[in-house]
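Quick note: numbers below take in every heavy atom, side chains included, and nothing from hydrogens, waters or symmetry partners. Lettering of chains follows the sequences in order, A, B, ..., and the numbering in each one begins at 1.
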2 protein chains.
Amino acid sequence: MNKYQNQTHLLAAVDCIIFGFDGSQLKILLIHRALEPELGKWSLMGGFIQSNESSEQAAVRVLKVLTGMDGVYLEQLYTFSQPNRDPIERTLSTAYFALVDIALYEKQISDEYHAEWFPLTEMPSLIFDHESMVTMAREKLKYKAALHPLLFELLPKKFTLPQLQSLYQSVFNKVLDKRNFSRKVLSTNLLIKQPDKDKGTSKKGAFYYTLNTKNYKEDFQAFLNIIPNSHLL
Amino acid sequence: MNKYQNQTHLLAAVDCIIFGFDGSQLKILLIHRALEPELGKWSLMGGFIQSNESSEQAAVRVLKVLTGMDGVYLEQLYTFSQPNRDPIERTLSTAYFALVDIALYEKQISDEYHAEWFPLTEMPSLIFDHESMVTMAREKLKYKAALHPLLFELLPKKFTLPQLQSLYQSVFNKVLDKRNFSRKVLSTNLLIKQPDKDKGTSKKGAFYYTLNTKNYKEDFQAFLNIIPNSHLL
DNA sequence: TCAAAAGTGTTATGAGTACACCCATGG
DNA sequence: CCATGGGTGTACTCATAACACTTTTGA
């Protein structure tokens, strides 16, 4: 059968907003753009969708090729489609946001891939509409993390309650009461206490926990309320 | 400057999942597809993105041209990108979902535009991946309506509490207690009681309410809890 | 021995839920 | 006058939020 007649063909790309947490602050991974225009400026990780792949597959490929990351949390965010968003040629971009354990990639990335982690508070200006993408991704992260146990994706396999609390405090920019926090988190039955402690940040040491992955998968849709409602947005 | 070299160009389309409420059930608006392939089968309202418009603008245009609708609630849902989703030619489709007051368009649409409202329970099979789009749209509607005062978009300017409750019950497929429902809804300060009554469904008549549009816009991000948490998903 | 972080318990308030009766009116 | 749907109040339970002291141990 014939192709559709007289329709505008255009390019389709993906861009990834990659969040990491280093134990005290949220960071985002950026690269120096390798293409004209805007070569050398800071940019999200992105690439064009190839003819045989979906946008999800393109996002996975881009992450793998540009950072070595594999198997990280990835979620479609929004498709940006302003006709002039790329000055060279009309390009539609579907943004994905990714959550990674920064420790797994921190060294590797700056050495091999010439990318850089920026604290969200110190992010440089970005090309095209990438700053809107980041803004939207931050909002979605807050929104979704308030309702679902999403932030564990940012932590190592073993983590402590103080680490987890510090992560929530960074994302929501709120100080939380540790007694209420630990009671709520533990009441979800998502955590399994480990026998060993992290002695890195205190003399007493803090017990490690791991995710109960079975409950995690089943309860992902469950509503958490780690954050009091009134602080949600 | 030159165009990007050696990249795959493709078509980009929008498809709209249009929800309406007729007072007792949720409905979706479908049309007979006007193009080969699958000419004559049921389909969502859609169209290709033109060279000078964003996908949002394309969705607004499609709605206007295919149904006469204007100024309705419209929100980007997801971009569907399987390489073979359209058998004729690679086409990326960004799905939008729309909420409309069915009464404003019910007659006009079937007479002028040959589209048809289907109860969600009696939806025919659809072309391409349109059924996945509808499934995702229904989930998002439920999710978002549980947290935000979204469903008012489906009602006329003046509506009664029994109508509103019936709408929530349809969306969540749950019977709600009318005493608790009215207390919660009224406590949001989103409703303004009108002096007149709708005598259509009872002898006593039910008071009309209108939206407090100022509070509505300000509080849209507020979390509602009309639906008890445990029934959310 | 002391400084610094980890860990834990109680109480008060408010939200959520279950539940039943009276009201207004058209036929 | 009565059947039908509209409208309202109360009491119980449970989740939330505020709050302070003890424990551990390396330096």
Once you measure the plane-to-plane angle for [X] and [Y], does it fall in the parallel (<30°), tilted (30-60°) or perpendicular (>60°) bin?
X: A:H148; Y: B:Y143; value: parallel
X: A:F19; Y: A:F97; value: perpendicular
X: B:Y168; Y: B:F172; value: parallel

Gap between atoms [atom1] and [atom2], on [X] and [N] respectively (whole Å):
X: A:Q163; N: C:dA6; atom1: CD; atom2: P; value: 9 Å
X: A:F181; N: C:dG9; atom1: CZ; atom2: C1'; value: 19 Å
X: A:F159; N: C:dA6; atom1: CZ; atom2: C1'; value: 16 Å
X: B:L186; N: D:dG6; atom1: CG; atom2: P; value: 15 Å
X: A:D196; N: C:dA6; atom1: CG; atom2: P; value: 16 Å
X: B:L161; N: D:dG5; atom1: CG; atom2: P; value: 17 Å
X: A:K174; N: D:dA18; atom1: NZ; atom2: P; value: 12 Å

Are a donor atom and an acceptor atom from the side chains of B:Q76 and B:T94 found within less than 3.5 Å of each other?
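The answer is no; no qualifying pair exists.
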Assess the pair B:Y78 and B:F80: is the distance between their ring centroids shorter than 6.0 Å?
yes
With a 4.0 Å cut-off on heavy atoms, is A:T201 in touch with a base, just the backbone sugar-phosphate, or nothing at all?
sugar-phosphate
Sub-4.5 Å side-chain heavy-atom contact between B:L26 and B:R138
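Counting from C-beta outward, B:L26 and B:R138 never come under 4.5 Å.
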Produce a footprint string for nucleotides 19-27 of chain D: one letter per nucleotide, 5' end first; B if the base is under 4.0 Å from any protein heavy atom, S if only the sugar-phosphate is, - if neither.
BB--BBBB-
